Amino acid sequence: MTTTLFITRHGQTMWNTEKRMQGWKDSPLTEAGINQATWLRDRIKNTNIDYIYASPIGRAYRTAEIVRGNRDVPIITDDRIREINMGVWEGLAQEEIDSLYKEQLFNFWNAPHLYEPIQGESFIQVRERTSEFIEEMAKKHPGQNIFIVTHTIALKSIMSYIQDIPLEKFWGDPYIHPTSLTVVKIDGENREVLMHADASHIKNLKEIKVV
């Protein structure tokens, strides 16, 4: 039986606007972030959702609450869909990181297969835990619609696993806008991507290169 995954990134946060790396740390949704989650809620209001899974980090969980609205659907947290742990970078602006760790920041955005975290996680480690989560969803929820609220790198990791994209091409299109919608159907070994980071419900789009 087919499991359908509806996957999104959390809404815009305060640290997103300040271009600070968040990782496992957190900052609140901005007014724009709340609006983005609300627009997504309205977009899927007629779609049946059986379960909602969210990263336990506040910005993702809050987004899940907004998207759920008045549905009688549980929100289940799972550590495996947390953002990448960026260790000592968390809370720092990218300008600060560039002055202290120029080579690794370059690798982070341009050569993720060469990125070496400082007290954090590698991209491979994130893909391992997120792929394990996806396989569990397919086995645990046959015939059901599952909504997942996660983060940029976690979502990119999920899709690189599903689409068998090498780590060298991790940052390829599409860009993961806040609350953009990805839809994947899984039936045994068959995986069909119906939608990938569609942001047609979001107004005044602006790319902010931060996670």
Side-chain angles (χ1 to χ4, degrees), residues 3-11 13 15-16 21-27 50-64 67 74-91 104-105 107-109 111-142 144-172 174-176 178-186 188-191 193 196-197 210-211:
T3 301
T4 304
L5 307 178
F6 298 82
I7 315 171
T8 193
R9 174 192 174 192
H10 60 81
T13 71
W15 280 8
N16 286 153
M21 293 296 207
Q22 296 182 116
W24 286 12
K25 289 188 177 180
D26 196 30
S27 69
D50 295 294
Y51 290 93
I52 299 173
Y53 284 82
S55 157
I57 299 173
R59 59 190 182 276
Y61 193 86
R62 179 61 185 136
T63 299
V67 172
I75 298 176
I76 303 166
T77 58
D78 196 301
D79 286 343
R80 291 172 294 180
I81 52 175
R82 284 195 291 185
E83 186 53 291
I84 190 171
N85 183 337
M86 288 185 282
V88 298
W89 289 9
E90 295 187 359
Q104 287 309 321
L105 184 64
N107 289 343
F108 184 89
W109 290 118
H113 58 296
L114 301 177
Y115 168 69
E116 296 180 359
I118 304 168
Q119 300 175 23
E121 289 182 292
S122 68
F123 285 80
I124 292 174
Q125 287 174 306
V126 180
R127 186 153 70 180
E128 286 175 349
R129 60 173 164 85
T130 55
S131 62
E132 179 185 272
F133 169 81
I134 291 301
E135 292 302 327
E136 182 179 305
M137 292 300 98
K139 293 175 182 176
K140 191 174 181 179
H141 298 290
Q144 294 184 315
N145 292 342
I146 308 302
F147 196 89
I148 299 167
V149 185
T150 184
H151 308 263
T152 299
I153 292 177
L155 201 159
K156 280 281 193 183
S157 297
I158 288 169
M159 297 309 294
S160 71
Y161 169 70
I162 288 173
Q163 297 181 305
D164 195 24
I165 296 171
L167 206 55
E168 291 86 341
K169 298 182 179 179
F170 185 88
W171 287 115
Y175 180 81
I176 307 297
T179 77
S180 59
L181 185 61
T182 295
V183 183
V184 178
K185 284 185 176 291
I186 299 179
E189 296 301 314
N190 297 319
R191 284 93 201 277
V193 180
H196 195 176
V210 69
V211 292

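Just so you know, these numbers come straight off a predicted model, no measurement behind them. Each residue takes its place number in the sequence, starting with 1.
- Within the 4.5 Å cutoff, the side chain of Asp79 has no heavy atoms near those of the Trp24 side chain.
- Between Thr8 and Leu155, the shortest heavy-atom contact is C-CD1, 3.7 Å.
- By the 30° and 60° cut-offs, the orientation of the rings of Tyr51 relative to His141 is tilted.
- Interatomic distance, CD of Glu136 versus NZ of Lys139, reported as 9.0 Å (0.5 Å rounding).
- Residues Phe123 and Ser157 approach most closely at O-OG, 4.5 Å, considering heavy atoms.
- Heavy-atom neighbours of Glu116 CD from other residues, nucleotides or ligands within 6.0 Å: at or below the threshold of 12.
- In this structure, Trp109 CH2 and Phe170 CZ are separated by 9.5 Å, a value rounded to the nearest 0.5 Å.
- When atom types are taken as modelled, the side chain of Arg191 and the backbone of Ile162 share no donor-acceptor pair closer than 3.5 angstrom.
- Between the side chain of Thr13 and the backbone N or O of Ser27, no donor-acceptor pair lies under 3.5 Å.
- The OG1 atom of Thr77 sits 7.0 Å away from atom OH of Tyr61, with the distance rounded to the nearest 0.5 Å.
- Looking only at distances, a side-chain donor or acceptor of Asp50 sits under 3.5 Å from a matching main-chain atom of Asn145.
- Residues forming a salt bridge (Lys or Arg N to Asp or Glu O under 4.0 Å) with Glu121 (at least two apart in sequence, or on another chain): Arg129.
- Separation of atoms CG (Leu105) and OH (Tyr115) is listed at 9.0 Å; rounding is to 0.5 Å.
- The main-chain N or O of Lys25 is found under 3.5 Å from a side-chain atom of Glu90 such that the two form a donor-acceptor pair.
- Listed for the Ser180 side chain is no donor-acceptor partner under 3.5 Å among the backbone atoms of Ile176.
- The closest donor-acceptor contact from the side chain of Trp171 to the backbone of Phe108 lies under 3.5 Å.
- Between Thr130 and Arg80, the shortest heavy-atom distance links the atoms CG2-O, 3.3 Å.
- At least one side-chain heavy atom of Ile186 sits under 4.5 Å from a side-chain heavy atom of Ile134.
- The CG atom of Asp78 sits 9.5 Å away from the CD1 atom of Ile148 when rounded to the nearest 0.5 Å.
- Side chain of Lys156 to backbone of His151: no donor-acceptor contact under 3.5 angstrom is found.
- Checking Arg59, Arg82, Arg62 one by one against Asp26, the salt bridge (charged side-chain N to carboxylate O under 4.0 Å, His left out) holds for a single residue, Arg59.
- Counting all heavy atoms, side chain and backbone alike, Asn16 lies closest to His10 at OD1-CE1, 3.8 Å.
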- Checking side chain to side chain donor-acceptor pair (under 3.5 Å) for the pair Glu83/Ser55: CA distance, chi angles, key distance, verdict? CA-CA 8 Å; Glu83 186 53 291; Ser55 157; over 6 Å; no
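- Looking only at distances, a side-chain donor or acceptor of Thr63 sits under 3.5 Å from a matching main-chain atom of Gly11.
- Of all non-hydrogen atoms in Ser122 and Pro117, the two that sit nearest each other are N-CG, 3.7 Å.
- The number of heavy atoms from other shown groups lying within 6.0 Å of CD1 (Ile124) does not exceed 12.
- In this structure, the separation between CZ on Arg127 and CD on Gln125 is 12.5 Å, given to the nearest 0.5 Å.
- Asn85 and Gln119 get closest at one heavy-atom pair: OD1-O, 3.8 Å.
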